[in-house]
Structures are given as C-alpha cells and as structure tokens.
Amino acid sequence: MRASRNLTRSRLDRGAGVPRNHGGEVARILIVEDDADNQELVTRFLRRSGHEVFLAPDGFAGVAAAREHLPDLILMDLGLPGMDGWEASRSIRNDPATAQIPIIALTAHAFTQEVNRAVAAGIDSYELKPIVYQRLMQKIAEALGS
Amino acid sequence: MADNNIDSIPVLENSQGVFRSGCEENSCPSRCQRTLDERTLCEQSPAMGFVLRADLTIQCASRYACRQLGYALEEVLGQRFLELTHPSDRSLTSHLLLSSLRRPGETVQGESRKRRSDQSLLWVCERACASTGEDGVPVVVVAWEDITERRQAAVQIRDSQAQYGAIIEALDGHVYVCSADYRIEFMNRELIERTGRDATGELCYAALHNRTSICPWCVNDRILRGETVRWEVQSPRDGRWYYCVDTPIRHADGSISKQAIIQDITERKQNDQAQLRGITDSAQDAILMMDARGNISFWNPAAEKILGYTREEALGQNLHRLLVPMRYMAAHTAAFREFARTGQGPAVGRTLEMSARRKDGHEIDIDLSLSAVQVDGAWNAIGIVRDVTERKRAALALEQSEEKFRQLAENIREVFFVVDLDTRKIVYVSPAYEQIWERSCESLYRDPWAWALAVHPDDAGEARRKAATRFEGQPVSQEYRIRTPGGVEKWIRSRSFPVRDDSAQRNRVVGVAEEITEEKRYESELIRAREMAESANHAKSAFLATMSHELRTPLNAILGFAEFLELEMEEQKAEHWLEDIRKIRRAGSHLLDLISDVMDLSKIEAGKMQLEPSRFDAAAVVAEVAVSAEPLATKNNNRLSIESAPVEVLADRLRFRQCLLNLASNACKFTKNGEVRIEQSVVEREGRPWCQVRVVDNGIGIEAGDLEKIFEDFTQVDGSISRKYGGTGLGLPISRRLMHMMGGDITVESALGQGSAFTLWLPCACGPAAT
C-alpha cells in the first residue's frame, strides 16, 4: 500500500516519519554523524526501511545516546569532532550495557590500517563514503538479522 | 900664613873633598901656621871638613858641612864631634880619631854613619889627620866624603848577588854568564862539575862546547839586542833534551852580558811525551800531523779507526793523495802550497766540514780542525778529524723532518698549535692563525689566552672553560665563534689532545683549529631546507588528506540524495525524472572515480602512497573482483569466467584488488556480447615463481600505437585516450604504478578488433599457499 510521503526535510526526531516496512525488522538505530547532509540522508534511508532513528552529532553524545537508548545498531562516523569515532566505539564496547550493540563504521578512509584500528576498537563492519545507501541497507539488514 | 909659598897653600885634591894640607908630605906640624887659613878654608871649603881639638870638640867646621848636616855654624862650634856620629858607630869613630892623634900626620880613614840635625843618617868615608894647631895644641882635621849612595849600591849589589847566587844554586840546571866577547864571567857549581873546571875567563864556545869558533846556534847577537831567547834542544852528544833560556844582563857600565840557563828536561819531555801519547792514543777523534812536504808524520789510533789506514800504512804517505776525494784534490793542493809557504790558509785555525776518503773507498763526512806549527822553521799542520757522518745524517733527517713539518704547518689552512702544559705557554702556532684570527702569532706567543679575546661573548665562557680542561690532560673538542678585528664573524672548531714525549718527559698538548664558517652556514641551510621540506611535506600530506576529504564531502550529498531521489522516483514511477536523476548519479559516480584516481595519482607522485603489504591468497581477490565486475559484464552482455588456483602473495591487498578490478572493468566495458576471462596461475620467470593474473577479452582491442600511451597518466597525454576509451584515463597508469610499487608489473597484448589480454604480475610469497 503506497502512501504519499512528505519529502520535506526532517530533523532530529524520534519516529516522526512514516515508517515504511520493507518486511524486515523494525530496529532502533543510533546514527553518530556530525555532517548535516549525511545525517539527513542516512535518516531518510533508514526511515524508508521503517527503522527508528536516533541522532548524535559527536562522540560524547553518541556514547551517551547509546547508553540511554540502547539501540539495536549504531552507525558510527569515524571522523568526528572531539572524541572521534574510534574512541566512542571503544567506550561503547567497554560499557557492558552497550557492549553487544553492533556498530557499523562510516569512513572516508579505506586504509587497512584504519580498518584494523576500527576493528580493534570493536567495530563490526564498515562502509566507505560516499555511501551507496543500498549497500548500507543491506549491511544493516545482515547485522540485524544475525 | 907665614909662608906664602904656593906649595904650602892647602889645596883640594879632588872632588871627593879630601882635605889635605899642602904639607902632608913633610908632615911637620911645627912648620904649619894655618890657623887663619884653616878658618878661611873651613868657611869656604866646598867640602865637609872639621877641625877638632884634642878633646874632640869641634873647633871649626866648614859651612858646607854645617849645611849638609843642617846646623848653623854656631850650633856646632864647641860641640863634641862624636855627637854627630850615629851612636852605634861612635866607638868606631872615636877609635879612628884617637889613632890619628897617636900618629900625627898620618891619615886614617873609616866609614861610619853620621846623623843630621833631622836625625837622618848619611854614610861617610871619614878621613882624619892629626896636626898641630896655631898654639901648638894638637888638632885633628877631619874630612868627610858622602858615600851614602855608594854604600847603598854596594849593599844592593851584595844583596842581589847573594840572591842571584841563591837562585842559581837552587836552579836545577847549568848557568853561566858570558860577556859580549864570549868570555865566561860566571859558572854555577853544576856547570863547573860538568865541565870539570871553573872556566871563568875562558871563551865560552871553547870551554863549554870544545869549539874553536862561535857556535852556529849562538844567539848572542839577539841577547845583546836585549832579547830573551828560549828554546828546547836535543843534545846530539847524549840525546837528552835541554831547555835553554838566554837573557841579557845589563851592567852598570852599560855593558851587557848573557846569562844562559840550561835545564835537562829529558824526563819531563818523556813524561810530557808519554802524557801526550796517552792523550792522542785515547782520543776519539783522529789526530794527524802533516810535515812540511805534505806527508803524514803522525797518526793516532783513532785515525786508524776513522780513516781505515794503519799507522804503518799512513806514515810517510802524502796526506792529500791518501785522504782527499779526487774532486777536491786541486783545491787542496793549491791551498797546501800556500800553507807551506806562509802557514796560513782558509782552513788554518778553523773547523771545516769536508769529505774524506777512507781506505775502503767510502767517503765520509768529517769536521776538520787545522792548526799550524813551525818545526825547524818549516810549517807543519796538525789536524783533528771527527767523523760526522752520523751527525750529518741525523741533522739532515731532522732538517727534512722539520722541513716537512714546516711545509705542512705553514701551508695547511688549519691552525696547528702546540701548548706546553708545564709552562702553559704556546710552543708553536702555525701561520694559519694569522689568516684566520687576523691577529699576529706573536701576540699568542706572548699571551697564550690571546685567542680567547676574539671569541664571541656568548661563547667565550664555555670556550675558556673547556680549553682550561686541557691542562688536566683532557682531550678537548669544541666549536665557538670568533670576531676578527675587522668585525667578521667566523665559526671555529678546535680539537686538542695531550701527547707525552717519553724521551724528554715533556707534557704537551697538540691541537688543530679550523674555520668551519661555511660548514656551519651550510649546516644551518640544510637544517632550514630540511625543515622547509618537512613542513612542505606535512603541508602536502595535509593537503592531500584535506583535499581528499573536501572533494568527497560534496559528493556525499550529490550521490546520496540522488540515490534517494532515484529510489523515490522508481517507486512513484516518475519515469520522466528518473533518467535525469540517473544521469546525476552517473556523473557523480564518475566524478568520484576521477577524484579517487587523481588522489591516488597525487599520492603516488608525492611519494605519499603508502602500501600496506600483507600475505593473502590472490585467488580470493580474483573471486571478489569477479563478483564486483559481474554487473558490468552483464550490462554489455558479456560472459565472465574465472580460473584460479590458491597462491600466496605478499602485497597490498586493497591495491591489488583495485588494479584487478580496473582491468576487469575495462574488459567488460570494451567488450560487447563477448567473453571476459580472468585466469590466475603461477608461472616461472627468471627462475622465480610469479603469480600471473590474465584478464582476457575479445572486445574491440587497442590500437598498436596506443599500447604504451594507455599507461601514461594524463599529464603526458592529451585527453584523447580517455575520450577514446572512456573512463578517467588514469586507471591503467595508476595500476601500473601500484603494481611496480608492489614488485610486480602489468603487461598487455592486444590487437585492434581482436580483443586484449592484460596481465598482472606479482611475485609469489612462497609456493602455492595452503589456505
């Protein structure tokens, strides 16, 4: 059943958009990203898939939000101001409450070194920017499914 | 006078003042009437005369006598005559006067000392004659002759004769005195014994030498001229040596006699000779003598050693012919001629360096000291020869070494210095000091810290402190700045270290100071350049990192939103917008590819491309790439197949994948309805195993002329390649660079219209990997 969708920009909100159920699970996903456009894009794609989205603009907020909301998945931009994505990830991993949450890193870097670092910090997988969102969605589905 | 007969006038006989009466012959007192005359004579007589009464008082005295004695006549008259006589001689005088009284008319004389008024004495010969006075009373007439001088002379002569006699007798030798006419005047006891008699008065040449004529060697003529002659002679009669001294003796009358003293010096001479022989035998230097004919007359043992000839071989030989090297012969011979004549020469009285020839023919360097002596009137030479070969060799070696040192020290641009630790003074500083410090070496010799005055104030303290440690025997190395008097600043590096001169036990420090201004400048420039390069490097890295990030950021939005829009439009079946949005996505994607390629190439060019090698299975990458390329293959209706076998390689997995994907994409792009095969295998080349991945297609192929061009990055090529073949045109250049960086390669075989085969080469890490 197709519903008309308001294509206006939505901001930080919890479940304000019309969830589109693609048949997969509806999950609560935390996005830690500082760039506004990237925030907007990933939010839209996630909402289309029916997921609930939380946004945090930096590492500190990200760690706090993770503790608070205990999402099902975290999308972590690695290049964050202040506490960077690696540290935030480590923090989240170190906290038993949040240790189990799968984290997908979003990074412009493709170096094995960076990846290893990320893995060492506790990241499960990564996507290279600019993000091909279809691929990301697939990865998320896989992560949620397992 | 009663009788005016001239014969009865008393006359003075002679200047000696003997006062005699004219009637002495008659000696008859009664015939003399002299009273008045006596007085007159007494007063006027220029002699010392007295008339005494029988009681020996002075009746009258001559004025002359009074004057001589220093009395006035009045003082003397009536005084006792004996008062004028020296007390010791009074008895003598009294005896004399009395005896004259006993024998009137007879003159008696004696010598005695008289005393003047000032108590000084004079010797007189006193003559007294008793006579009868006017009144028949006996008187004594006394006359004095002053014999003081004669007396003294007589004493002197007696003394000196006694002395002379004593000397002669003490002398161990023969002494005689002979007159100018060869008459012996004196012989001493020994000579008398020897001759057998006292030959005084005989002719000397007859008595002493049994000759009938003057001895040829007689030097009387010289003696008579006032010369003293001395000589030694060996007597042909008994072979003994005598030392003779002939001296003139002057007599009072002006005549000259010869005194000859002859002493037997045979033993002394033998001792002297023995001593001399001892000296010459033991001398280290050669002592030779050359007689007037130029032949060797003396040759000591050292000469045998130094010159090689034995005494027997050398004596009598011509010295020059024996010892002088040929090339000097002419000069020596000429000098000898002059010497023989005059006893003079350039070498006489001096020490010369020359060469001599030994018996074995070798030439040696010698010092020759030459002196001349006359023997029997001919000039002989005495030479002392010292072998200085060794000394010369040492001196030459020293000279050469010093020359080397000086050449080194004076020509090197570095300052070479030597400090004596005990005196703390500079022993030597090379001239380079004046070049570098622009101060005189003299100033440094005077004040060993003069160099420090030039040091920059900031460096001075440290420089002095460090330099002082060298006095503790520390090696010192330091750098400091100096300022020349002209204000020029220079950097100096100074190194010094202690040396010990074992033989002389001197403690010294030797050092080198060099100007390193250029070096320092270069150093600082290098540092600055490096810093600039580093910061440029940092800047470049930062730039690349930033650009990479900055360029991608807008693409996030472009591609992201375009993807979203496409999704929405697909759902809403908004076909008329769909193609637009797909174009946007394609262009954005292309731009992303371009940016990636440009960043890659920039990194590679900047040397910033960091590969992250790891061991991985090449076949796995092949499989991945096949999966990624599948959609591309399908798009052009190509069949994609792979063939692989596990093989471990050591490379950057990501980059290898990039290269392979690049090739696979190209193959799919340039082939339609065809076949793309990826074949991976191990091949041996140049004795090593290589992992070979071939991407083969049967597409449009590449023109032969472009086969190289396709690998050149777009800086070198016009955009024709990319226009012709699409894409960024950078993929192959980048891939090739990457493959090379990984120790591998890309090669291509292609024919236009027939397809292409691109091959990736990677060295195998080891054999086929166990997965």
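For clarity, every value in this text was computed on a predicted model and none was experimentally measured. Quick note on labels: first sequence line is chain A, next is B, and so on, each numbered from 1.
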Holding to ring pair (Phe, Tyr, Trp, His ring centres under 6.0 Å), I want the full list of residues that pass it with Tyr133(A), two or more places apart in sequence or in another chain. Phe45(A)
Whether Asp600(B) and Arg737(B) form a salt bridge (side-chain N of Lys/Arg under 4.0 Å from carboxylate O of Asp/Glu) is what I want to check. no
Say whether, by atom type as modelled, one donor and one acceptor occur between the side chain of Gln39(A) and the main chain of Glu33(A) under 3.5 angstrom. yes
Name the member of Ile558(B), Leu592(B), Leu559(B) that forms the most heavy-atom pairs with chain A at distances under 4.5 Å. Leu592(B)
For Leu555(B), which atoms come within 4.5 Å of any heavy atom of chain A: side chain, backbone, both, or neither? both
Val42(A) versus chain B, heavy atoms under 4.5 Å apart: side chain, backbone, both or neither? neither
Leu567(B) portion near chain A, given a 4.5 angstrom heavy-atom threshold: both
Considering only residues two or more places apart or on different chains, which pairs with a residue in residues 619-633 of chain B satisfy salt bridge (charged side-chain N to carboxylate O under 4.0 Å, His left out)? Glu624(B)-Arg653(B), Glu624(B)-Arg657(B)
